[in-house]
Amino acid sequence: MTIVIVGAGIIGTAVADALTLGGADVTVLDMRSPGLGASQASAGILAPYAEAEPHSPLLDLGVRSLSLYDAFVAGAAERSGRAIEYARTGTLQVALDEAHAATLQAESAWLREAGVDATWLDSREIGALEPAVSASSRGGLIIRSHGFVGVRSLVHALMHSARFGGATFESPVEAADVIVESDRVRISAGERSWTADAMVIAAGSWSNRLKIRGASLPAVRPIRGQLLHLRWNGADLPRRVIWGPDCYIVPWSDGSLLVGATVEDVGFDERSTVDGMRQLLDAASALLPSSARASIEAVRVGLRPASPDGLPIIGPMPSMPNVVLATGHYRNGILLAPLTAQIVSAYLLRLGA
């Protein structure tokens, strides 16, 4: 079965790898090099219980996908021969005022009822666990199943694994027009064209820029996220993701930190701004006072694809079973990559059987 995937971020590369493992002939098209869209600006946090509301569909999807992550990372690393930074050291959500503390304590209660390994810590216990956290904290919630992954290393590993399985990656290519027939899909970009049995639309915020004759794509809009890459100066580098009321902080093994992220509905504007950086620096300093002595290594900006209802859009288009959507993941593209790849590849491989 021949399949064209439009988009080479975390979702596109994960789907490509899964499809090649199933024996499909895969071509991946992207307007940039693999992983240079929203994926390169992701902090890689794997935290379904912190991102979703209790009993929501998004929580169920996130928990299912997190359960796949150990095997997902191990498989990509083994097949590609590339190291992937990955840690399941948990997340620590910190309250800096009494109102936030009450919210986190309520969250702790329902998590315990659901059988999740979550513990409320008072300020003294937080100080012993993570000395860099502000001494004025009002307590915090640690969720031990959470973690983080090095997104750039993961995307590259998935890409190389897919290539070893026979996939072809072509960039820069901005696919524009699609003609769908009963058993074929024709994709064109300028003077170039591709024909396949099926296609996957995994172009994130740019997904609905494709023109499919006879159909309209669901509305996916870009939400800008700015992140700071800091070099820590000190001995008390956090050992896990620290989540405050206005930012989250991810520690890397090389002694650097990612601080994110702004949420800005500004269209396709990928600029970093003084205001965005100020927000992140102030939030990081309130959460980890020692971060004021850190040096700024880089600023990252990505456009996260948001769907109208906040849920990812995964599955075939109505009346077009050979055109599959895998977009609209918003802030959860990294977390949901294994499950999305599993769902999409299983459907397409059954379709081609």
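Since this is a predicted model, take the numbers as computed values, not measurements. In what follows, residues are counted from 1 in the order of the sequence shown.
Remark: side-chain polar atoms of Tyr49 are not paired, donor with acceptor, to backbone N or O of Gly62 under 3.5 angstrom. A donor-acceptor pair under 3.5 Å links the side-chain atoms of Thr340 to the main chain of Leu336, judged by distance alone. Between the side chain of Ser65 and the main chain of Leu335, a donor-acceptor pair closer than 3.5 Å is present. Between the Glu125 side chain and the Asp122 main chain, a donor and an acceptor come within less than 3.5 Å of each other. Looking at Glu130, its side chain does come within 3.5 Å of a backbone N or O of Arg239 through a donor-acceptor pair. At least one donor-acceptor pair closer than 3.5 Å links the side chain of Ser205 to the backbone N or O of Leu303. In this structure, Gln105 contributes its side chain and His100 its backbone to no donor-acceptor pair below 3.5 Å. Put simply, the side chain of Ser291 never gets that close to the backbone of Ala294: no donor and acceptor are under 3.5 Å apart. Remark: the backbone N or O of Arg64 is paired with a side-chain donor or acceptor of Ser67 at under 3.5 angstrom. At distances below 3.5 Å, at least one donor-acceptor pair connects side-chain atoms of Thr2 with backbone N or O atoms of Asp197.
Between His329 and Ile10 there is no side-chain heavy-atom pair separated by less than 4.5 Å. Between Gln279 and Asp246, the closest side-chain pair of non-hydrogen atoms is not below 4.5 Å. Residues Arg240 and Pro251 fail the side-chain proximity criterion, which asks for heavy atoms closer than 4.5 Å. The closest side-chain heavy-atom distance from Ile11 to Thr327 is not below 4.5 Å. The side-chain heavy atoms of Leu288 and Ile249, taken from C-beta on, include a pair separated by under 4.5 Å. Put simply, the side chain of Tyr347 reaches to within 4.5 Å of the side chain of Leu351, judged on heavy atoms. The shortest side-chain heavy-atom distance between Leu104 and Glu107 falls under the 4.5 Å cut-off.
Below 30°, between 30° and 60°, or above 60°: for Phe164 and His160 the angle between ring planes is between 30° and 60°, a tilted geometry. Relative ring orientation between Phe268 and Trp206 is described as tilted, the plane-to-plane angle lying within the 30° to 60° band.
Connection of Ile313 to Leu58 is not established within any shared hydrophobic cluster, with ILVMFWY side chains joined at heavy-atom distances below 4.5 Å, either directly or through further cluster members.
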Could you walk me through whether Tyr248 and Thr91 satisfy the side chain to side chain contact (heavy atoms under 4.5 Å, CB included) test, starting with their C-alpha distance in whole Å, then the side-chain angles of each, then the deciding distance to 0.1 Å, before giving a yes or no?
CA-CA 10 Å; Tyr248 51 72; Thr91 55; over 6 Å; no

With side chain to side chain contact (heavy atoms under 4.5 Å, CB included) as the criterion, how do Leu129 and Ile142 come out once you've worked through the C-alpha distance, each side chain's angles and the decisive distance to 0.1 Å?
CA-CA 10 Å; Leu129 185 70; Ile142 186 166; 3.8 Å; yes

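Taking a 6.0 Å sphere around CZ of Arg144, one finds it holds more than 12 heavy atoms contributed by other residues, nucleotides or ligands. With a 6.0 Å radius and a threshold of 12 heavy atoms from other residues, nucleotides or ligands, Glu181 has its CD atom above the threshold.
Using modelled atom types, one finds a donor on one side chain and an acceptor on the other under 3.5 Å when comparing Asp17 with Ser161. Checked by atom type, the side-chain pair Ser253/Glu85 shows a donor-acceptor distance below 3.5 Å. No side-chain donor from either of Thr273 and Asp275 sits under 3.5 Å from a side-chain acceptor of the other.
Residue pairs satisfying the side chain to side chain donor-acceptor pair (under 3.5 Å) criterion with at least one member in residues 309-322, sequence neighbours excluded, are listed as follows: Ser307-Asp309. Residue pairs meeting the side chain to side chain donor-acceptor pair (under 3.5 Å) criterion with at least one member in residues 133-143, sequence neighbours excluded: Glu98-Arg138, Ser134-Ser136. Applying the salt bridge (charged side-chain N to carboxylate O under 4.0 Å, His left out) rule to pairs touching residues 155-175 yields Glu170-Arg192, sequence neighbours excluded.
The two residues Pro48 and Val63 make their nearest non-hydrogen contact at CB-N, 3.8 Å. Pairing each heavy atom of Leu217 with each of Ser207, the nearest pair is CD1-O, 3.1 Å. The nearest pair of heavy atoms linking Ala189 to Val173 is CB-CG1, 3.8 Å. Here the closest non-hydrogen pair linking Val155 and Pro34 is CG1-C, 4.2 Å. Ile3 approaches Ala24 most closely through the heavy-atom pair CD1-CB, 4.0 Å.
With sequence neighbours excluded, no residue forms a ring-ring contact (aromatic ring centres under 6.0 Å, His included) with Tyr330. Remark: Glu191 pairs with no residue by the salt bridge (charged side-chain N to carboxylate O under 4.0 Å, His left out) rule, at least two apart or across chains. Asp25 is linked by a side-chain hydrogen bond (donor to acceptor under 3.5 Å, both in side chains) to nothing, counting only residues two or more places apart in sequence or in another chain.
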